[in-house]
Amino acid sequence: MRPLDLAPMAKGESIRVAVLGAGAVGCFFGGMLARAGQEVTLIGRSAHVDAFKAKGLHFEGLKFDEHVPVKASTDPGAVRGARLILFCVKSTDTEDAAAQIAPFLDADAVVVNLQNGVDNTERIQARVARPVIPAAVYVATEMAGPGHLRHHGRGDLVIGELGGKLPDGALAGVKQWFESAGVPVTISDNVAGELLPKWRRYVRVSPASTGLNAAERLTSSTGSVSTTRPV
């Protein structure tokens with residue numbers, strides 16, 4: 001895999017970002033990137049997408065409450081042209097979602113996996129040709145209504161290498177993109193050690209079934225409060 005090209009960031013240029021599974025977690029991190037001037041497309045369920053198209057993302061933060069301009073789609077193919085893809089679908093839909101976006105990923109794209117789960121990154125990587133970076137997510141958020149994100153606390157990431165070799169500069173590049181948007185990022189040499197406790201907590205509180213059909217599950221992440229550590 002080729003090294004991550006940081007030239008657009010160095011020149012102060014925006015990048016295209018796609019959020020696959022625009023629920024509470026995806027909307028927080030996608031919204032932060034959009035507020036920083038990146039071109040963000042939120043891919044999710046029709047109720048949220050319709051609201052995004054009408055008024056943007058209603059981002060109710062701890063220190064601000066505003067409507068953030070974003071693009072929106074229900075089509076996973078909307079990842080086309082994105083340099084950064086935030087993978088936020090439910091764990092049960094990992095393989096299907098990865099297979100659906102694989103034909104549309106640009107040669108310079110990088111996928112950051114924001115899911116709960118200990119093996120999801122490997123499952124995504126088996127189906128896409130671009131690098132997949134695992135992230136442990138520490139944020140408390142909820143979707144308070146269609147297109148309405150409410151932030152309760154924190155909002156930081158721990159990223160690292162898991163399994164295969166990442167391209168030169170991939171971790172540093174992703175850290176730079178997020179931190180330019182006000183999202184603290186730690187690069188860890190033991191990201192698996194961050195993910196496993198998160199997964200154990202998630203299993204204890206996660207409902208067994210969402211009642212959504214396959215198409216709805218593919219383009220959605222949880223709309224309930226999402227939290228991974230006390231805030």
Measure the spacing between [atom1] of [X] and [atom2] of [Y] and express it to the nearest 0.5 Å.
X	Y	atom1	atom2	value
Phe178	Met32	CZ	CE	10.5 Å
Ile85	Asn113	CD1	CG	12.5 Å
Thr186	Asp156	OG1	CG	7.0 Å
Phe104	Asp75	CZ	CG	6.5 Å
Cys27	His148	SG	NE2	11.0 Å

Do side-chain atoms of [X] reach the backbone of [Y] as a donor and acceptor pair under 3.5 angstrom?
X	Y	result
Arg130	Ala107	yes
Arg123	Ser91	yes
Lys175	Val185	yes
Arg127	Ala98	no
Gln38	Ile15	yes
Asn190	Gly193	yes

Side chain proximity check, [X] to [Y], heavy atoms < 4.5 angstrom:
X	Y	result
Val174	Ile159	yes
Val19	Phe29	no
Cys88	Leu20	no
Gln115	Ile124	yes
Trp177	Arg83	yes
Asp65	His58	yes
Leu33	Leu86	yes
Thr74	Ile43	no

Quiz item: Will you find, in the side chains of Glu194 and Ser188, an N or O donor that is under 3.5 Å from an N or O acceptor?
Solution: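 Short answer, no.
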Exercise. Would you kindly say whether His151 and Glu60 are connected by a side-chain donor-acceptor distance under 3.5 Å?
Key: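 Side-chain D/A pair, His151 to Glu60: absent.
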Quiz prompt | Criterion side chain to side chain contact (heavy atoms under 4.5 Å, CB included) against Pro134, the qualifying member of Val118, Val112, Asp119, Leu162 | solution =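 Going through Val118, Val112, Asp119, Leu162 one by one, the side chain to side chain contact (heavy atoms under 4.5 Å, CB included) with Pro134 is satisfied by Leu162 alone.
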Exercise. Check whether NZ of the Lys or CZ of the Arg Arg150 lies under 6.0 Å from the centre of the six-membered ring of Phe28 and within 45 degrees of that ring's axis.
Key: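 The answer is no, since Arg150 fails at least one limit relative to Phe28.
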